[in-house]
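Scroll down for the structure; my scribbles are underneath it.
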There are 2 protein chains.
Amino acid sequence: MEERARRIVETAVELAEEGGFEAVRLRDVASHAGVALGTLYRRFRSKEDLLIAAFELETADLERRVAQRPPRGDDASERVRAFFGMATRGLIRRPNLARALLKAHAAGDPQLAKRTAAFHERLHDMVIAALRGARRVEAVPSEAERLLARALTRVWFSLLLGWAGGLHGQSTVIDEMGDCAELLVLGALSKDRSQRAP
Amino acid sequence: MEERARRIVETAVELAEEGGFEAVRLRDVASHAGVALGTLYRRFRSKEDLLIAAFELETADLERRVAQRPPRGDDASERVRAFFGMATRGLIRRPNLARALLKAHAAGDPQLAKRTAAFHERLHDMVIAALRGARRVEAVPSEAERLLARALTRVWFSLLLGWAGGLHGQSTVIDEMGDCAELLVLGALSKDRSQRAP
DNA sequence: GCCCGTATTGAAACACGTTTCACTGGGGAA
DNA sequence: TTCCCCAGTGAAACGTGTTTCAATACGGGC
């Protein structure tokens, strides 16, 4: 990302940290970043676009943290639980920012579908690495792994949205994510077994 | 709901069917429903509030359909799959409306948390009935059933949001929901077995 | 029939995302 | 150096969600 664009995104992150989604007033973002409103709109299609870009920065951060300290555990479900625990705490550490990013993500502008899909891919890779207990995904994932990763991230997003909407607290997100990880991993094992020996 | 409020919601539904979320301009809703803008705002806190009310109407519709034709299948996962198939098709039958309702739901205004929670409860009840193969939920649900129902509806919402955001089509929603239902139900069975005989 | 409190109305105003446009300044091509 | 192109600028305008407010209509109690 080019310098000017990065400054814009960083400004948006600062404002979001302070006051959440509504505090990211694009006029303010532009003036704090020292650019004109038109320049902001040349780089970003919309407010959502801008916040999705911010979400991508945060995800890169998560990737770094995961690379430095890969989620550990004796079995796949524990490692997955550890991974989502890291991810959840990392996000919720700055609640206003998290809510803003989630809101932009959940709005689901079809114009940003490609970016959103790429975003999910990055999460899936981290989940699959955690499932395998590997530092990085080397072998191409099996269909079962992909399904599992999609299911897990879907549950996670719903939980985060529930948190953002005030339906429950951070601990619910982490606890319930752990329970679901256990169910899904058990289910995948069980299915695998029944398919090998039908 | 009182007559005036119902007329407002129905008008919103009509506009949403035609042109989605943006087509629900509150000035238009008010004038088409024959009330002043202020009256609309006396009944509904916001555009989201209005569309959540519309979502509740649609859910009541789903409840009626499920009561008339309970999801059938030889095991729990097939019945759950059948239920979400019904629900998905019922919603996506009117894509513009569905996207509008989902967008309002996903915005997750904390002021509407209570309503949203009640909404989820209704879904969970239907899911648990499907799990049991019962017409209605008679016995109080076990914790395992609740967990399963929450996990399933969470996956479903994420899938719907993905559909609404153009990430994938209706068939992906239905197919992947089926796959996840299988995994989760298998996982729950497997966990149950290991807990009974550890 | 009269009075009062409350719901409703109509219209205006405000906030903010988004668009538009004429103007400027700087960097590369000739 | 001169010219051209175009990203950047500043300001205004627009649309729509939301708020406000004075004026009005209505329905129940006296």
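Proteins get letters first, then strands, A, B, ... in listed order; numbering begins at 1 in each.
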Residue pair A:Trp156, A:Thr88: steps toward the side-chain hydrogen bond (donor to acceptor under 3.5 Å, both in side chains) verdict: CA-CA 9 Å; A:Trp156 190 52; A:Thr88 303; 2.8 Å; yes

Verdict with supporting geometry, B:Thr153 and B:His124, side-chain hydrogen bond (donor to acceptor under 3.5 Å, both in side chains): CA-CA 7 Å; B:Thr153 58; B:His124 292 162; 3.2 Å; yes

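Atom-to-atom, NZ of A:Lys47 to P of C:dG17 comes out at 4 Å; the value is rounded to the nearest Å. With rounding to whole Å, A:Phe44 atom CZ is found 15 Å from C:dG17 atom P. Spacing between atom CG of A:Asp28 and atom C1' of C:dA15 amounts to 12 Å, rounded to whole angstrom units. As a whole-Å value, the separation of A:Arg27 CZ from D:dA13 P is 13 Å. Atom P of nucleotide D:dT18 and atom CD of A:Glu22 are separated by 12 Å, given to the nearest angstrom. Following rounding to the nearest Å, A:Tyr41 (OH) and C:dC21 (P) show an atom-to-atom distance of 17 Å. In this structure, the CG atom of A:Leu51 is 10 Å from the P atom of C:dG17, given to the nearest Å. Between B:Leu15 atom CG and D:dG17 atom C1' the separation is 15 Å, expressed in whole Å.
Within the 4.0 angstrom heavy-atom criterion, only backbone atoms of the sugar-phosphate kind lie near B:Val24; the bases stay farther away.
Using a cut-off of 4.0 Å between Lys/Arg side-chain N and Asp/Glu carboxylate O, A:Arg79 and A:Asp75 are scored as not salt-bridged.
Checked by atom type and distance alone, the side chain of B:Glu145 pairs as donor or acceptor with a backbone atom of B:Ser142 at under 3.5 Å. A donor-acceptor contact shorter than 3.5 Å links the side chain of B:His168 to the backbone of B:Trp163. Under a 3.5 Å cut-off, the side chain of B:Arg93 and the backbone N or O of B:Ala98 do not form any donor-acceptor pair.
Closest heavy-atom contact between B:Met86 and B:Arg69: SD-O, 3.8 Å.
For C:dG17, the base has no donor-acceptor partner in the side chain of A:Arg25 [N/O atoms by modelled type, under 3.5 angstrom].
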Please list, for nucleotides 5-10 of chain D, all pairs of protein and nucleotide N/O atoms separated by less than 3.5 Å.
unit_1 : atom_1 : unit_2  : atom_2 : d
D:dG8  : OP1    : A:Arg4  : NE     : 3.2
D:dG8  : OP1    : A:Arg43 : NH1    : 3.4
D:dG8  : OP1    : A:Arg43 : NH2    : 3.3
D:dG8  : OP2    : A:Arg43 : NH1    : 2.7
D:dT9  : OP2    : A:Ala36 : N      : 2.9
D:dT9  : OP2    : A:Thr39 : OG1    : 2.5

Please produce a list of atom pairs where a protein N or O lies less than 3.5 Å from an N or O of nucleotides 22-25 of chain D.
none

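Between A:Phe157 and A:Phe55, the two ring planes are perpendicular [angle over 60°; tilted spans 30° to 60°].
At least one side-chain heavy atom of A:Met126 sits less than 4.5 Å from a side-chain heavy atom of A:Phe83.
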